[in-house]
Each structure stands twice: as C-alpha cells, then as structure tokens.
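Below: one structure, written as structure tokens.
In what follows, chains carry the letters A, B, and so on, assigned in the order in which the sequence lines appear, proteins first and then strands, with residues in each chain numbered from 1.
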Number of protein chains: 2
Amino acid sequence: MIRHLFLLISLFSGLLYAEDGSRLWLRYTAVDDHTARQRTINLQHSDAITQLAKKELDSYWRGPSVSMHVDRKAAHLKEGYQIKAEKGRIEICAAAPVGLLYGAYHLLRLQHTGADVHSLNVEEIPSYDIRMLNHWDNLDRTVERGYAGYSLWRWNELPGKLSPRYEQYARANASIGINATVLNNVNASPEILTLDYILKVKALADIFRKYGIRVYLSANFSSPKVLGGLVDADPMRKEVKDWWKNKVNEIYRHIPDFGGFLVKANSEGQPGPQDYGRTHADGANMLADALRPHGGTVMWRAFVYNPTQEDRAKQAFQEFVPLDGDFRDNVIIQIKNGPIDFQPREPFTPLFGAMRRTPQMVEFQITQEYLGFSNHLVYLAPLFKETLDADTYCSGAGSTVARVTDGSIWRQKKTAIAAVANIGEDRNWTGHDFAQANWYAYGRLAWNHQLSASAIAEEWIMQTFTDSSGFVKPVRQMMMDSREAAVNYMMPLGLHHIFAFNHHYGPEPWGDIQGGRPDWMPWYYHNADTAGIGFDRTTNGSNAVSQYNEPLRSVFNDRQTCPENLLLWFHHVPWDHQMKNGRTLWAELCNRYDLGVQTVREFQKVWDRLEPFVDKSRFEHVQSKLKIQTKDAVWWRDACLLYFQTFSQLPIPYELERPIHELEALKKIKLDMKHHN
Amino acid sequence: MIRHLFLLISLFSGLLYAEDGSRLWLRYTAVDDHTARQRTINLQHSDAITQLAKKELDSYWRGPSVSMHVDRKAAHLKEGYQIKAEKGRIEICAAAPVGLLYGAYHLLRLQHTGADVHSLNVEEIPSYDIRMLNHWDNLDRTVERGYAGYSLWRWNELPGKLSPRYEQYARANASIGINATVLNNVNASPEILTLDYILKVKALADIFRKYGIRVYLSANFSSPKVLGGLVDADPMRKEVKDWWKNKVNEIYRHIPDFGGFLVKANSEGQPGPQDYGRTHADGANMLADALRPHGGTVMWRAFVYNPTQEDRAKQAFQEFVPLDGDFRDNVIIQIKNGPIDFQPREPFTPLFGAMRRTPQMVEFQITQEYLGFSNHLVYLAPLFKETLDADTYCSGAGSTVARVTDGSIWRQKKTAIAAVANIGEDRNWTGHDFAQANWYAYGRLAWNHQLSASAIAEEWIMQTFTDSSGFVKPVRQMMMDSREAAVNYMMPLGLHHIFAFNHHYGPEPWGDIQGGRPDWMPWYYHNADTAGIGFDRTTNGSNAVSQYNEPLRSVFNDRQTCPENLLLWFHHVPWDHQMKNGRTLWAELCNRYDLGVQTVREFQKVWDRLEPFVDKSRFEHVQSKLKIQTKDAVWWRDACLLYFQTFSQLPIPYELERPIHELEALKKIKLDMKHHN
C-alpha cells in the first residue's frame, strides 16, 4: 500500500514537470481568460517599466483589480511603493515607475505564498539605494569562485545575439529588488573598457533597463596605460585624469544610465594608486570626478592586505581609517562583511563605523567559495543577518552594521550593498537548487534588512517548491540550521581559513607551502600547538581587538566574555580551557565537528522524507548533493580532529562517532579544482 | 589531567613493546632462575616431543612441579591427556608423547588466563583425530584467497635454508592442537609431487614432526600424465595405479609420517576421474589403495558443481550420495560447511549425515574470502559453531554435524576436520591482528567442538592482549557480535553470493557478465524482481529443501517457519512479506543493513576506548582496519539497498541513516584486486 502510494507519487511528480530548476522562485502560472476578464490592471503611465508591471499582473494576477500610479511627490518612498487593498480594489503608488514594478512583484509574491490580498496597507521603502550583484566573471567566460557553469554573458555573441537568459536574469533580480549589477570580475581585464566591450555591455544594459537595473563595471586601474598607451596610470597625472573622463563620457554616450565603477586596487597584485605613491582616496576621487557629471558612483574595495608582520585582519582598518574625509561623496568604500575573507564565521569588519565622513557599504559573498561550493546546502541569510545586525557601537548602542551603511546614522549621498553572485549558465542558475535561496535572500535583505532569515526562507520555499506546510516547515528548519552546521563541520568556535590551498574546497589545516605568503597558510590562522589553538588578537597578541569600539573591545579581549563562537578568532586557548557548558575546549571542538556531521545526516533524512512533495528531478538533485555534503562533513571532521589531535594529544571523546579516515591519507588528497570553472 | 594520563599511557605502551603481532597468543615470559629452582619438570621419556614439552615448561611454567608420563594403555585418550594437580604437584599423563606436549600447552594456557593451577582434574580427548589446516598456497608463493602476504613456504630456499618461521608456525599450531597441514593449494600444481619438491616438503615435515604435525599434500589428479608421461590419468588404468603406488612409496621413503592427499577433482576445471567416465569413488579409492600400506588418508573434496540448470546448492549431494558405501575406509569426504561457498551465512550442507557408510569431515574457511579479507574484524567461531551444532536429524534429533563427523554416530576409521588457513608471511601472520583469533578458534574447536565461541574468544584475548577485565569484556563482546554484523552489512536474511566478481571483496549485486556462467552471477542467487527477492529452494522451486531430513525439510519449506536468518536462501519473498517483528521484508532488510553499519561504528568506539590497554602498534593497526571496515559497511549498505530499491520501489525507512553513495557511481567501482596476493 505504502509502496503503491510511493510509486504513484513518484510517477505523478515525474509527469507534472520536466523540471530543471530554471524557473527559480518565479513559478507563476498564467491566468485563464475568464479570470483575466474578472479584473482590470490600470495604469496612468506608459513607460516601459510600468508597462512591464502591467504585463506581469495581466498574465499572472488572480486577485482584485489593480490600479497603478506614479506620484513624484512621494519621494520618501525612493524606489519603494505603497499598496492599499480594500473594497475589492488594489492601488499601487510609487515615486518612480520601478516602484510600481516592485509593487507588482510584491502582489505576486503575496499571491504565491498564500497571503490574504483583499485587505492590505503596505509601505515598502528599500533599505539601500543601490542593491547590487557583483559578478566575478572573466571575459573568457570563466567565473572566479563560480560553481554554476560558465558566465551568463556570452561576450563572443554580444552585442549581435541576445540570449533569452539575459532577460530572465533581469526579471529574477527585479522580482526581489536588485537594481544594480557589476558584470565583470573585480580582478578586471582592462579590455572591458574598449569600445567593443562597451557596445556589448550596452546590449545588456538595454535589456536590464526595463527591469530597473543599472549596469556597473569593474575597472582595472591600469587601463589608461594598457588601453590608452599612457606612460603610467598615476591618478595625479593630467593625461590619466583626462583619459578616464573621456572614457567615462564614451560609456555614457552608449549607456546613459551607466552606474559606475567597482575597483579592486592595490590588493592581491592588482594595480592601484599606491603604485605611484598615491592614496586610495587619490585613486577613487579621480574616478569619482570623471563619473560625477553623469551621476555615477565609485565602489572602492577595502579588501587590501599585504604579507607583512601585521595581522591581516587589521590591515583594511589601518589603511582606510586615516583617509576618512578624503573621499568624494560619490565614492563608497565597499567592505567585506568580515576582516579576513568570507569565512564560515567571522566577526564584522571593524572598519564598519570607523569612518564617519566616508560612505561605506557591505560586500557579502553569495557564491560559496568557503562553504562547499555548489555542493553544500548552506542557507546564507543567517550569516548576512549576523553581520547586518552586529552592533558596532560607533555611535552608541544600536549602531548596527546595517544602520552604519543605510544612512540612518550618518547621511550618505547614496547607500549601497553588494554581494558576489553565485550565478552561471547552469540550467538552475546556481548549481545547487538551494543556492537559489541565497540569491533570493540577499535581494530581499538588500531591499529590507529588517526581514528575518526565517521569513525569507519560508517565502522562498513556498514560491520555489510548494506551500504545503508538511514541506515548508521542515525545509525552513533545515535551511535555518544549515549555516551553523557548516560552521561546525568546517571551522567551529572561531577557527578560520584552514581550507585547502587556492581552490578552498576541502580541509587542509596542515597546509604549508615552502616560501609561500604566511597569510595564505592555514597555520597562520589556527596557530595550533601543544599548548592550545587559536589566533591571539587580544591586547597581548596582535591587538586587533583595539579596532573595535567599547564594549566590544573588552568583551572580545577577555577569554571569559568573548562569545564562544568567536573564541579562537580572538584567543589562543589552552586545550583544557573550560567552556561554558563545562567541556574542555578540546572536547567541545570534537563535539562541534561531530554535531556538524550529525546535522547533515539529519538533513538527508529530512529531505528523503519529503520526496512526495518534490518533482523527481529536483528531489534527486538535492538528494545527491546532500550525499556529497555528508561525505564532505565527515572528511572535514576527520581531517581537522585528527590533525589538531597531533597537538592536543587527547582522545576524541569516546561517545562520539569515530573518524573513518587516516590523517596521512587525507594529507595526500590534492583535488584538481580550479578557483574558477 | 586526563590529557597527561593519556600521554603517559601512550608513551608507556610504546616503550613496552616494539610490537608487530608476530607472537600471536604465545606471549609467555621466561621464568627467572629463582622460580625455576623452586620446581622441577620431570619426565620418563626422552623422545623429541616430550623433550619439547619439558623445554616449554622449563622456560615458562611458574606453577608447582610437573611430572609427565606416557601410558600406552590409556588409548582412550587418543592424543589427549589427563592433568591432575594436588598437594603441590602436577601430573600429566598421555597415551602418546604428543599428548604430553598438548598437556604442557594446556598448563601454560591456564597460567596465562589466570586460572587456579593448584587443584586440577582434567581429561581432554580431542574431538577429531586429524585437525588440519589447508593452505591454498601456490608454488610461486602466491596464496589463493590469501590476505596476509605471500606464502610462508619459501620453496626456492628449501630444503637448504630453513626460515625460523617454520618452527614458530608449528609451535603455534601445536599449542592449540592442530596436527596436520596441507601445504599446497587444492588447485594443485602436479610439480609438488616431483622429487625436488618432495625433498622440500621433507624439510618442513622434519621440523613439524617434533610438534606432532604431519604433512599432507594436495594432489593434482593428472599428475601421472603430466609428470609420468602416461597417456592419461584414468584411475582404472594399471599404469596409472602403479604410478601412484610408486609415487606414494617414494614420498614415504622421505617422509615416513606423511599424512596423505587432499584432492579437488572435477571441480571448477580441475581434472578428475569423471574425465575418464569414472566416479569420484574410483578416483579416491585408487589413491587410498596406494596410501593404505603406509597408513595414509585421502581427503576427497565434495565441492563440485557444474553450470547446469540444477541449483548449485544441490549438486554435491546429488553427486556423492549415490556413491555411499563405494569409498575405501581411508577416504574421507571433505565437505564445505555450507552448500555454496563459505558465505557469511549458509545453512549446513545437506550432504552431512546423508552418507551413512562414508566418512565425512567439515571444511571451514578461516581466510576471509567472503568476509572482508584481512580488513574486517569478523570472529568466526560463532560461524564454525553454527555449523557444528546444526542438527542434521540424520539419526534422530541431536545428530549434529559435529557428531556426524566425529565418529560418535557412525564409526569412522579416522575422523577429521579441516579449514583453509589465513596465514601468510606478514609479520603478524594473518594480516589483521584479530584474524589470529580465527586460526586460534579453529584449532580449539577442532580439539573440542563443545567449547563455546565466547570462552575461546576470552582465552585468546587474555593470552594475546591482556587479562584486564576492562579490556577482555568489551573485546569479547565485540568479537561475539562481529560475525552477525558482517552478515548484516553484507547479506542479511539468507542473501548470499552477491559479491564483486572474482575477488569477492565488495558488493556487486548487479554483477553480470555477458555469456558468463549463471552460477557465478549474483542475480542467480538473489533473484530480485519487482515481486520480491530470494532463491526459491522450496518444493515449488529448486526443491533443495528435499535434501534435508525432516523436520528441517518442512521447516525450511514453509516461509512462516523458515528461520528468518535463512529466509532468502530458501524462499523468494514478496517485498511486503511481514516479518516476525512486524516489519515488512523490505523494511527489515534496510534495518539489517543499517544495523550492520551502526554495529561497526560501535566497534570503533569500543576499540578507541581501549587504547590505554594496548600497545601503540597493534592499537593503531586495528583502529585503522576498523575505519576501513566502517567505510566498507557503508559501501555495502548503500550498494545493496540502492540496488534492491530499484526493484522494491520503496523508500528506505526514514528513521535510518541515509545512503551517501550514488548507485551508478558504485556500479563503476572495479577494484584491481587479485584473488591471490
């Protein structure tokens, strides 16, 4: 009986969809003629964006009649909207056409998450002006840290041939409020600024415009030298300034709503103003001056560090804080959420809130460079929220990173947020079906950083899979638990950057390369020895704690008050240190690694139970990925515990599942993985 | 504190031994002069065997004075002995010198298992006259189904150079009562019967004699043709008979206590009497006649089957039962414990007890051809006991296989038992330290088939590792559980022979070879289809049940009464068949496979806890093997459940740990393993 039910359900699911995940969370079904006749979609404007909003509602809206209008006086809404539903009618009001489009998607989201749409009084104002994706896509279509196939951008076909996926991409972004995209890698090829490429970029911009999305480019600081034939790219040289002005003017001739530049300068080998004895401000301001007449913006990255004696975690702060006040107001300093590099868990970067006269923005990483690529199910909204909600105390309690960057503490001309995309040409866009949720969640938080990770997960699940509570509840719980699970099986208690060299997929806490940069070596970060483990960043150590405002400085500095999930980030802790639960550090470390493994095993059970709710294709896809994740979690646990045990000389607590690998065998694993596809 | 204890113990263990497992269970420590002066070892005979017995006691015995004497009238003791200890003196009495040697080892065993040796009244009479190891060693020193290195026998060095391991081997065997060894593979090279090799064999026999061990050889039935240049090897041809007589006489000239021949004939491509239209009896009797004047014996193997329509499990019975009464009395039919081939679990071979006028003996396999090679910890005494204690009902209830073969139901001129050795030139003899226990347990059961598997395990552990109860109890339990664990993760509920082709290491239930013999294909044995799984050997199927005596025939024939651990051996059972515990067959199968995995995971925990009791070398050796076993158990579970699921179309019960492998990936695994080393 159960067997036949199982067969039947499998068969049924198989017939329903030839499912490849390509529809993302946009699974609206077209309304029939009868429904369409029951209601009207009215508008007062006929611009392309408003027309698009009408078209989406015409095609998919099953609720009461809708009328949309732009009210230029409602400027406080920015790109937001108001929705009022009463007496069988719905009104969407916005200050700009794109607000109507976002309002339309709001209605469709309500419809597809089963909300009541007959009585609404909504006002939505976006948290950030610029809600941006960063694509680390190279011009040869490889994607740095990309795990979902080659780049979406078929440069060799552009501008002549336009893939239908360009518009699908724009629509998906618009549906969650993303309005900006940097098309190329921050490790930028100068070639992107040639006319050839500008025309290709224009073709994409022309498609995206209708969806309210502006295009940005990563600029290589040496471009004037490489493309313009100048003797150098010194930002104080007039010819260099002129070259940039002319180049910017050329871009705007073709792309009048061009957004601006993202720049990685003097970082990991990239050229920059320091090559000529100039400051980051000198470089950024030169570009800002060129962009200013057109309303363009410079995102200048703070991800800079050098192989010096200084703690890498301190360097961005040290380089940028002295420049506070030196930047033009159309420059925003783009700061990674943590001071090292997108680790499973980091404290927030202390630079947030440390520059009162300089606009700042957060850079997250959606692509899972340090979180199992597109093999591991790791829902990132809790990580994003952890940073956004972190209190910097820069202007008293409540000075969260979100408020430091959204203009509510210090006014910014424009506010922004960015994240490195996880999108490629895979049919399901993101490699792992659940990685779509990270794209979705980032967009939703960029729109409204007050949303809860759990609420976002729930609406994503309902739109992407089904609104059956038998599915939604366990999947939401799995997603909510997944980031902590990854932290546990990879690097619990504040451990960081003990990844395999270069590709960053598996564990390599023993990693060492003769003559390599210390700050690229795992031992630099874990510092395991017979006494204990962890990076001493206290006042007795690198003193990175001093970059945080009180009370954080003191809280982090004291081993007894430091949050245990960051303990080994800030402290070198003896193996027998007693944790709050009474366990020794060593025992707790073992328990955390094991908990990570057991949690992923539970995910497998959760998912397998849900087979009747999911189409066969996505069910098996996710099932298969979870198998890999479990194997990898065991690999991580065994590698880290067996390696750290060579220092602790202590047994793994005997109640825990035992390792199945040999340390020496694990050390020999060298995966042939690129750091791009 | 715990940490320091751990360090200290590790260090201490490390210093105590440079341990390589080579000392087996023979870890006697030499007595000091003072102790030696306290007691005397007296004897009345000065033959080599008795001298050896004295030497062992002189060197290692710490108890009261011992006097030993042979009493030729005590013939009922056979090779056994009596030990009486009272008033501070011990007497060992035996009917032959070897009985004194066995008695000496008995005392040493008591001493090293902490028994009271001051009050003893022991009478030990061996269950079988011939207690034999079969080495499947080839003359090129590979070992068929050997997993402990190359053959012990260094044929190229013999007879000139004698490895010290020959005597160590003999001593180990004598210490557990083994008195016979077949030096070469049953797939025999004729070359073993050349004079060159006879002289090499003589060199070994000369060493073994002092330990009461007689040498036997596997004979190739074609030898007269290959070595003697005769036209054929027809056993009715006078020249053939004469060749064998002369050859046997030649052997006895060099080895006066030569034991006889083991013959695999007309089986798996080996030559035999059927090549000339003769019967097994014709062939065996010819050899028996040649051996008779010297007191030699023929072990004629019943392991015969042909790729016919007939159920392979029935063929030995069909071929041999009609020959009952036709064999000479110095022929013993050597019968594998189960009707197929040393599977993790089989019912006993129905040929046992089916030939009232023909001596029979059991052949076990100590080497783990079908039980994870020397990688898996599987204690085999429970398997041996299961066969020995199985009731054939051939002469009423209580006609166990043990009693059918030990002469207590029907008189045999000589009784015997054999097992395929797991010994090679690895320093620890058997590859896995715990595989030593299987050699040990076989010897102890050959001596006394009434011993319990648990008691044997306990005495082996105490002699091999330590007598600390903190170690003995958990290890004994682990050993006792280990065979059932292997059955569970490999082939529970009567499944059999779904091993990877040829090497038999991992799972290959899907195995199929175009044009291959059906009876070498897994599907021949499991018969999985959408209706169910199992081999129908009932009266509606192959009718193999008819070869068993009542009440077994009826018990096995009825799905409701058939023991569930043999269910799929005898029945093709629907997936939704309700088991005694209420689960469906499919759910029970899943639970069994999972139980196998979880049990091995528990073994890892048990062993790791015992680190303080064991030298570092053996601790890590076994720890490492258990890791492999756990990985293999998961591999087996996933392979079998995912494959059988393609037929059952049922979910694996959701409370169970999920597979981590993909079926298609598992199907691609082709291990480069030989079936010999």
Side-chain angles (χ1 to χ4, degrees), chain A residues 1-11 530 574-576 584-587 597-598 600-612 620 623-635 638 642 645 647-665, chain B residues 1-11 474 530 574-576 584 586-587 597-598 600-612 620 623-635 638 642 645 647-665:
Chain A
M1 175 56 195
I2 289 176
R3 177 171 154 234
H4 291 126
L5 188 66
F6 182 78
L7 260 171
L8 202 68
I9 290 169
S10 307
L11 197 66
T530 54
W575 295 112
D576 61 358
T584 64
L585 170 67
W586 168 249
V597 169
Q598 304 310 333
V600 183
R601 283 204 212 287
E602 280 304 309
F603 292 170
Q604 287 191 284
K605 289 186 186 176
V606 167
W607 187 250
D608 278 4
R609 277 181 200 272
L610 299 174
E611 183 166 6
E620 289 181 353
Q623 183 186 50
S624 177
K625 296 279 191 186
L626 284 171
K627 290 177 181 181
I628 297 171
Q629 191 170 0
T630 298
K631 277 188 281 194
D632 286 351
V634 171
W635 175 26
D638 288 3
L642 292 174
Q645 191 180 36
F647 299 100
S648 81
Q649 294 288 327
L650 288 164
I652 295 165
Y654 295 115
E655 68 276 15
L656 301 179
E657 188 182 302
R658 317 313 291 169
I660 58 169
H661 296 99
E662 297 293 336
L663 179 57
E664 292 311 309
Chain B
M1 173 59 196
I2 287 174
R3 177 172 156 235
H4 293 125
L5 189 67
F6 182 77
L7 261 171
L8 200 71
I9 290 168
S10 306
L11 197 66
T530 54
W575 295 111
D576 62 358
T584 64
W586 168 250
V597 169
Q598 304 309 334
V600 182
R601 282 204 212 287
E602 281 304 310
F603 291 170
Q604 288 191 282
K605 289 186 186 176
V606 168
W607 186 249
D608 278 3
R609 276 181 201 273
L610 298 174
E611 184 167 4
E620 290 182 351
Q623 183 186 49
S624 177
K625 295 281 190 185
L626 284 170
K627 290 177 179 179
I628 298 171
Q629 190 170 1
T630 297
K631 277 189 281 194
D632 286 351
V634 171
W635 175 26
D638 288 3
L642 292 173
Q645 190 179 37
F647 299 100
S648 81
Q649 295 289 323
L650 288 164
I652 295 166
Y654 294 115
E655 68 276 14
L656 300 180
E657 187 182 301
R658 318 312 290 170
I660 57 168
H661 296 100
E662 297 293 337
L663 179 58
E664 292 312 309

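Across B/Q604, B/R601, B/K627, B/Q623, the residue that shares the most heavy-atom pairs under 4.5 angstrom with chain A is B/K627.
Interface remark: B/L656 contributes backbone atoms only to the contact with chain A (heavy atom separation under 4.5 Å). Using a 4.5 Å cut-off between heavy atoms, A/T630 contacts chain B through its side chain alone, with no backbone atom that close.
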Inset, instruction - Under the side-chain contact (heavy atoms from CB on, under 4.5 Å) rule, what do A/K605 and B/R658 come out as? Steps first, then yes or no, please. - result: CA-CA 6 Å; A/K605 289 186 186 176; B/R658 318 312 290 170; 3.7 Å; yes

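B/I660 contributes atom CD1, which lies 11.0 Å from atom CD1 of A/I628 (distance to the nearest 0.5 angstrom). Summarising the geometry, atom NZ belonging to A/K631 is positioned 12.0 Å from atom NZ belonging to B/K631; distances are rounded to the nearest 0.5 Å.
The nearest pair of heavy atoms linking B/S624 to A/E662 is OG-OE2, 2.8 Å.
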